[in-house]
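Data block below; observations after.
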Amino acid sequence: MKNIDHLPYIEEHGKALAGALLTWYQQNKRDLPWRKNHDPYRIWISEVMLQQTQVDTVIDYFNRFMVTFPTIEALAGADEEQVLKAWEGLGYYSRAKRLKQAAQVMMLDYDGAFPTTYAETLKLPGIGPYTAGAVMSIAYNLPVPAVDGNVLRVFSRVFNDDRDIGDMKTRKAFEHMAKALLPEDSRHFNQALMELGATICTPKNPRCEACPIHALCRAKASLRQKDLPVKKKRQKNIPLEMEVALVRHDHHTLIVKRSSEGLLADLWGFPIVKRDEALQDGMSIHDELEEFLGVKVKPTGEIKKAKHVFSHRTWHMTLYAFDIDHKVRPHFPQVEWIDLTKESDFPLPTAFKKLIVHM
DNA sequence: AACTCGGGGTT
DNA sequence: AACCCAGAGTT
């Protein structure tokens with residue numbers, strides 16, 4: 001199979017392909033809140049939320065975020081904790097931290113406005129080639145490609161290209177192809193490609209009969225559309241036994257601010273230890289807890305189990321309940337006492353929220 | 001080039 | 001269960 005130089009094919013069929021896509025998009029585009037206008041701030045926030053996150057999940061978060069942080073200035077001036085709270089449950093929390101960082105850069109270097117070139121946008125924290133291309137094309141209609149997972153899949157099929165789409169070289173090659181295909185209306189072309197991937201040219205069982213460019217699709221011509229794209233890499237998920245402490249006093253429960261490094265960095269959670277590490281030190285969760293609190297606690301024997309799957313590890317959590325005489329407040333790590341029946345201001349990731357149900 | 005970093009929906 | 005998702009940053 002020939003999969004290196006697609007430029008002759010683009011030369012011959014590119015205009016027809018782009019035209020069919022644009023017509024289809026005009027008639028089939030979904031009505032989404034970030035498509036209300038071309039405000040780069042709104043486009044940016046939506047694009048970052050949409051990184052590795054599905055549209056249906058993002059909609060509510062996006063609307064709430066715009067109410068809480070209506071402008072770049074509001075975001076730049078917010079507490080990181082408040083931004084993380086707005087992000088609570090979305091995952092990949094470094095995205096939220098970098099949003100605030102980038103907003104601060106815009107306040108300092110761009111007079112509170114979003115940059116107007118691809119190169120400047122690409123320098124901002126949390127903005128890579130895809131997001132820079134998406135914001136510049138959608139907000140300003142600049143002639144830059146926006147190659148995401150959808151576009152990689154669509155292109156691998158249209159061009160019948162079996163290179164590994166997980167490979168950085170392939171992504172660069174596909175960006176080059178996207179640029180060669182790009183019509184004047186890059187704003188809608190880029191969105192049309194992604195919309196096609198999200199709704200028609202889906203990973204499994206693509207609906208080729210409904211596809212506006214099926215007549216130009218080389219994979220379909222070879223009946224290979226279900227074998228593409230090729231994606232080799234895979235990371236395996238490692239199971240971990242975790243012991244979690246629920247420390248209660250007077251209807252309040254102890255939460256701890258997590259380390260600023262690693263998984264769920266800077267979020268809050270219940271005291272938690274890996275069972276293996278505790279056993280190496282010959283300590284139980286009870287011992288660990290008393291060591292870190294500096295006072296005695298009374299185990300109440302209440303036990304509950306829950307499982308939480310991350311992308312590359314799975315927590316098998318066992319929850320132990322303790323009572324304590326007074327609300328201790330060690331200086332490190334930072335702790336708080338909250339009422340679990342009420343919503344708090346502290347960002348608590350889903351793994352810990354799972355433990356709260358029915359308590 | 002490989003690894004880290006969440007959580008939810010599909011198949 | 002495995003795979004995917006409007007990916008970026010670090011090593």
Side-chain angles (χ1 to χ4, degrees), chain A residues 29-30 32-35 42-62 84 87-99 101-102 121-139 145-154 164-172 175 178 189-199 201-206 226 229-239 258-267 269 307-315 347-354:
Chain A
K29 67 176 173 184
R30 291 170 290 181
L32 300 170
W34 46 90
R35 287 179 175 165
R42 294 170 61 89
I43 307 296
W44 168 44
I45 300 300
S46 72
E47 290 300 341
V48 173
M49 286 186 172
L50 286 161
Q51 289 169 10
Q52 303 296 291
T53 309
Q54 317 225 119
V55 167
D56 289 344
T57 305
V58 165
I59 292 174
D60 287 343
Y61 280 94
F62 176 81
L84 286 171
W87 212 262
E88 182 185 80
L90 255 189
Y92 287 138
Y93 296 94
S94 63
R95 291 185 293 174
K97 299 177 194 172
R98 289 170 184 145
L99 276 184
Q101 293 166 12
T121 303
L122 189 57
K123 290 181 187 167
L124 295 168
I127 297 190
Y130 164 72
T131 305
V135 178
M136 290 299 96
S137 62
I138 297 172
V147 176
D148 70 335
N150 286 310
V151 178
L152 290 172
R153 182 172 59 255
V154 171
D164 177 8
I165 63 167
D167 190 336
M168 194 60 66
K169 290 199 301 274
T170 308
R171 201 180 62 70
K172 286 295 173 193
E175 266 182 16
F189 177 76
N190 284 342
Q191 294 183 83
L193 266 180
M194 295 189 276
E195 192 94 339
L196 186 77
T199 62
C201 197
T202 48
K204 292 178 181 174
N205 304 320
K226 283 198 170 188
V230 173
K231 194 172 187 178
K232 287 198 172 73
K233 288 169 191 157
R234 211 168 299 171
Q235 49 196 357
K236 70 175 177 184
N237 193 304
I238 299 165
R258 295 173 57 80
S259 154
S260 57
E261 293 178 353
L263 193 62
L264 304 175
D266 292 324
L267 276 78
K307 182 177 83 163
H308 186 74
V309 181
F310 298 97
S311 35
H312 56 298
R313 64 190 81 161
T314 299
W315 282 1
L348 203 65
T350 303
F352 294 106
K353 288 204 159 185
K354 281 182 179 177

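What you see below is based on every heavy atom in this structure, not just the backbone, and it leaves out hydrogens, waters and symmetry mates. Proteins come first, then strands; the chains are lettered A, B, ... in the order of their sequence lines, and each starts at number 1.
Residue contacts shown for A:Gly262 are limited to sugar-phosphate atoms, with no base heavy atom under 4.0 Å away. At a threshold of 4.0 angstrom between heavy atoms, the contacts of A:Lys236 with the nucleic acid are absent. Here A:Arg35 lies in heavy-atom contact (under 4.0 Å) with a base. Across all strands shown, A:Leu90 has heavy atoms under 4.0 Å from base atoms, whether or not it also approaches the sugar-phosphate.
Side-chain atoms of A:Arg30 come within donor-acceptor range of the base of C:dA6, with a qualifying N/O pair under 3.5 Å. Within 3.5 Å, a donor on the side chain of A:Ser311 pairs with an acceptor on the base of B:dG6, or the reverse. Side-chain atoms of A:Ser94 and base atoms of C:dG9 include no donor and acceptor less than 3.5 Å apart.
Between A:Leu50 and A:Tyr130, the closest side-chain pair of non-hydrogen atoms is not below 4.5 Å. Within the 4.5 Å cutoff, the side chain of A:Tyr93 has no heavy atoms near those of the A:Asp266 side chain. Under the 4.5 Å side-chain criterion, counting only non-hydrogen atoms from C-beta, A:Trp34 is in contact with A:Val58. Side-chain contact between A:Trp87 and A:Leu99: present, with at least one pair of heavy atoms (C-beta onward) separated by less than 4.5 Å.
A:His308 has a side-chain polar atom (N or O) that falls below the 4.0 Å cut-off from OP1 or OP2 of B:dG7. For A:Lys353, no side-chain nitrogen or oxygen approaches OP1 or OP2 of B:dG7 to under 4.0 Å. For B:dT4, neither phosphate oxygen OP1 nor OP2 lies less than 4.0 angstrom from any side-chain nitrogen or oxygen of A:Tyr92. Dashed line: the shortest gap from a side-chain N or O of A:His312 to OP1 or OP2 of B:dC5 is under 4.0 Å. Proximity of A:Arg313 to the phosphate of B:dC5: a side-chain N or O atom is located under 4.0 Å from OP1 or OP2. Taking 4.0 angstrom as the limit, A:Thr131 places none of its side-chain polar atoms (N or O) nearer than this to OP1 or OP2 of C:dG7.
Side-chain proximity of A:Tyr130 to C:dA8, B:dC5, B:dG8: nearest is C:dA8. In this structure, of B:dG9, C:dA6, B:dG6, it is B:dG6 that holds the atom nearest to the side chain of A:Phe310. Of the listed nucleotides (B:dG6, C:dC4, C:dG9), C:dG9 has the atom at the smallest distance from the side chain of A:Arg98. For A:Lys231, taking side-chain heavy atoms from C-beta onward, the closest of the listed nucleotides C:dA8, C:dC4, B:dA1 is C:dC4. Each of C:dA6, C:dC5, B:dG7 was ranked by its minimum atom distance to the side chain of A:Glu47; first place goes to C:dA6. With C:dC5, B:dA1, B:dG6 as the candidates, the nucleotide lying closest to the side chain of A:Asp167 is B:dA1. Counting only heavy atoms from C-beta on, A:Asn150 has its side chain closest to C:dA6 among B:dG8, C:dA6, C:dA8.
A donor-acceptor contact shorter than 3.5 Å links the side chain of A:Arg153 to the backbone of A:Gly197. A donor-acceptor pair is defined here as one N or O able to donate and one able to accept, closer than 3.5 Å; such a pair exists between the side chain of A:Tyr61 and the backbone of A:Glu88.
Distance check on atom P: C:dT11 versus B:dG6 gives 16 Å, rounded to whole Å. Comparing the C1' positions of B:dG8 and C:dG9 gives a spacing of 23 Å, expressed to the nearest Å. Rounded to the nearest Å, the gap between the P atom of C:dA6 and that of B:dC5 is 23 Å.
One atom, CZ of A:Phe352, and another, C1' of B:dG6, lie 13 Å apart when rounded to the nearest Å. Distance, A:Asn237 CG to B:dG6 C1': 12 Å, rounded to whole Å. In this structure, A:Tyr93 places its OH atom 16 Å from C1' of B:dT4, rounding to the nearest Å. As a whole-Å value, the separation of A:Ile59 CD1 from C:dA6 C1' is 13 Å. When the C1' atom of C:dA6 is taken as reference, atom CG of A:Leu193 falls 12 Å away, rounded to whole Å. For A:Leu50 and B:dG7, the CG to C1' distance is 14 Å, given to the nearest whole Å. One atom, CG of A:Leu122, and another, C1' of C:dG7, lie 13 Å apart when rounded to the nearest Å. B:dG6 atom C1' lies 11 Å from atom CH2 of A:Trp315, rounded to whole Å.
For A:His312 and A:Phe310, the ring centers are positioned 6.0 Å apart or more.
Between A:Glu195 and A:Arg30, at least one side-chain nitrogen of the basic residue sits less than 4.0 Å from a carboxylate oxygen of the acidic one, meeting the salt-bridge criterion.
The residue among A:Asp56 and A:Glu261 whose nearest nucleotide of DNA chain B is located toward the 5' end is A:Glu261. Place A:Lys204 and A:Gly197 on DNA chain C by their nearest nucleotides, and A:Lys204 ends up nearer the 5' end. Across the interface with DNA chain B, nearest-nucleotide mapping of A:Asn205 and A:Gln52 shows A:Gln52 to be the residue nearer the 5′ end.
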